[in-house]
There are 2 protein chains.
Amino acid sequence: MARIQPLNQEISLTVIKTACSNCNLRELCLPFGLSTEELARLDDMVSTRRRIKRGDHLYRAGEGFDAIYAIRSGFFKTDVLLEDGREQVTGFQMAGELLGLDGISTEHHTCNAIALEDSEICAIPFSRLEVLSREIHTLQHHFHKVMSREIVRDHGVMMLLGTMRAEERLAAFLLNLSQRFTARGFSHAEFYLRMTREEIGSYLGLKLETVSRAFSKFQEEGYIAVQQKHIRILNVNGLKALMNHQR
Amino acid sequence: MARIQPLNQEISLTVIKTACSNCNLRELCLPFGLSTEELARLDDMVSTRRRIKRGDHLYRAGEGFDAIYAIRSGFFKTDVLLEDGREQVTGFQMAGELLGLDGISTEHHTCNAIALEDSEICAIPFSRLEVLSREIHTLQHHFHKVMSREIVRDHGVMMLLGTMRAEERLAAFLLNLSQRFTARGFSHAEFYLRMTREEIGSYLGLKLETVSRAFSKFQEEGYIAVQQKHIRILNVNGLKALMNHQR
DNA sequence: GCGTTCGCTTGATCCACGTCAACCACGGTA
DNA sequence: TACCGTGGTTGACGTGGATCAAGCGAACGC
């Protein structure tokens, strides 16, 4: 809660680690663009940090909503389930991205958020975020941008699901992942997938066998090297070119 | 601009017509939940009202963003275009709904908004909305809810595109339209489609022939009566039942 | 009033992806 | 080291929806 606790080294260290002002994701996350003084106020608000183990839910559809979550480390998927059991993965989220925006509308979460690897999140009580964003214009505006960006991203997914063929979808998916890893300082050409073929398929509106075949095809063409979840991109332009081959 | 102009009957009438406080859509639109006094302040902000003719753009992808738009009357579609010309319709919007939220993220619109019939919109300068929502908590919260609702809606579309078969998609589409017409005081069972089969198809990730065949099928089954764009729903439960028949 | 255009319907055919099934690779456990 | 379970790959085959094509009715311009 308090930002500085000089009388207790133990707590102080923990708090420093939790602070937005000290987080190397602040340029990707909610604190973007805030002054030092404003950052301090945000620190006060982001009180809770939580570990989520691989496979565990951060929240479930139907649960009450009272906070949004910033991913500090790790990897998540969000999905919605139909009554008959069909699953649609609506997104994969990585460090610095926000989870839970869907819950604002009805005060209840409308999707599930599940950790795909051991993760850490910062809980941001939503009512306090609204208070603070009335006072810090930059925060208000940035939050609006983040929500809007989510809407734009969703439009991209609709485009993908509505008009692209299987290989285009997978190429778009890989390029998107690569770009997001790059933004976080990781290699753009080599990474581990945290999700299964089935989860990729659900996200892309394809069956896992189709995803697997597309991976193999890309490998044959020399665009990528696949070994289970380990991906190396060998020819970015090859993948990009795939995406303009309509019909 | 000014809410009351008693010295000029002509202008006064126009202004009264434009005012949110006087708009019968206020329970569906941004003014939801505001007090009389707060409504008056919103009125001051929503200065511009514009007519958009059928077929005309309200805004285009790439254009600078500075306002969001409330639909006062009429009907719109939003779409995104791929370089190679493929179109994805991302939504159909009717009276009381907001357009332009996609533009906040980059300060540029990322999709096109096109009137499907002669329409009227209220322009809401976004920077002024941010100022006002710092002062009126209800407005702030409601705006956040509206953005969040859009995200939830998008998830529903992903579900539809990713996991449903053609007839399920069309059934979901018709039920959604029916429900939204009902909320606006129109018949839930009888309405005119403002969009072509091709636009429906683009939204649903199907070709126009498939949409047409599904309409015919529904008619054969006695679920609906179709005559071009005129739709009568004869058996809502029949349509609903369709949506749980996975595989 | 008449031709033209646009949107819609319907049929025949095709193919991308789904389905079903067998097998394999890896990691964890005994 | 053997065993098992989960996830991934690959092949053979089936099918839902795309494609191609023809015809038709409503709306519009002249």
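Proteins get letters first, then strands, A, B, ... in listed order; numbering begins at 1 in each.
- At whole-Å resolution of the value, OH in A:Tyr192 and C1' in C:dG27 are 14 Å apart.
- In terms of position on DNA chain D, the residue among A:Thr196 and B:Gln228 whose nearest nucleotide sits closer to the 5' end is A:Thr196.
- Aromatic pair B:Tyr203/B:Phe92: ring centres closer than 6.0 Å.
- Contact annotation: B:Ser216 side-chain N/O to C:dT10 OP1/OP2 distance is under 4.0 Å.
- Between the NZ atom of A:Lys217 and the C1' atom of D:dG8 there is a distance of 19 Å, given to the nearest Å.
- No engagement by A:Gly201 is indicated, since no non-hydrogen atom pair under 4.0 Å with the nucleic acid exists.
- Projected onto DNA chain C by closest heavy-atom contact, B:Val226 and A:Leu208 fall at different nucleotides, the more 5' of which corresponds to B:Val226.
- Summarising the geometry, the separation between CZ on B:Phe215 and C1' on C:dC8 is reported as 11 Å, rounded to the nearest angstrom.
- Ring-plane geometry between A:Phe65 and A:His109 is classed as perpendicular, the angle between the planes exceeding 60 degrees on a 0 to 90 degree scale with a lower cut at 30.
- The CE-C1' distance, from B:Met195 to C:dC8, rounds to 16 Å in whole Å.
- Straight-line distance from the CD atom of B:Glu167 to the P atom of D:dG17: 8 Å, rounded to whole Å.
- Taking the side chain of A:Leu206 as heavy atoms from C-beta on, and the options D:dT19, C:dG18, D:dT10, the nearest nucleotide is C:dG18.
- Distances shown here put a side-chain N or O of A:Thr210 below 4.0 Å from the OP1 or OP2 atom of C:dG18.
- Side-chain atoms of B:Phe76 and B:Tyr69, non-hydrogen and from C-beta on, never get closer than 4.5 Å to each other.
- Atoms CD (A:Glu168) and C1' (C:dA16) sit 12 Å apart, rounded to a whole Å.
- Regarding A:His230, its NE2 atom lies at a distance of 16 Å from the C1' atom of C:dC26, rounded to whole Å.
- Scanning atom types as modelled, one donor and one acceptor separated by under 3.5 angstrom connect the side chain of B:Arg213 and the base of C:dG11.
- Scanning atom types as modelled, no donor and acceptor separated by under 3.5 angstrom connect the side chain of A:Arg197 and the base of D:dT6.
- Taking only side-chain nitrogens and oxygens, B:Lys229 never comes nearer than 4.0 Å to OP1 or OP2 of C:dG7.
- Taking only side-chain atoms of B:Glu209, from C-beta outward, the nucleotide of C:dC8, C:dT19, D:dC20 with the closest atom is D:dC20.
- If you measure from atom CZ of A:Arg169 to atom P of C:dA16, you get 14 Å, rounded to the nearest angstrom.
- Using a 4.5 Å heavy-atom threshold, the side chains of A:Phe215 and A:Leu193 count as touching.
- A donor-acceptor contact closer than 3.5 angstrom links the side chains of B:Glu190 and B:His230.
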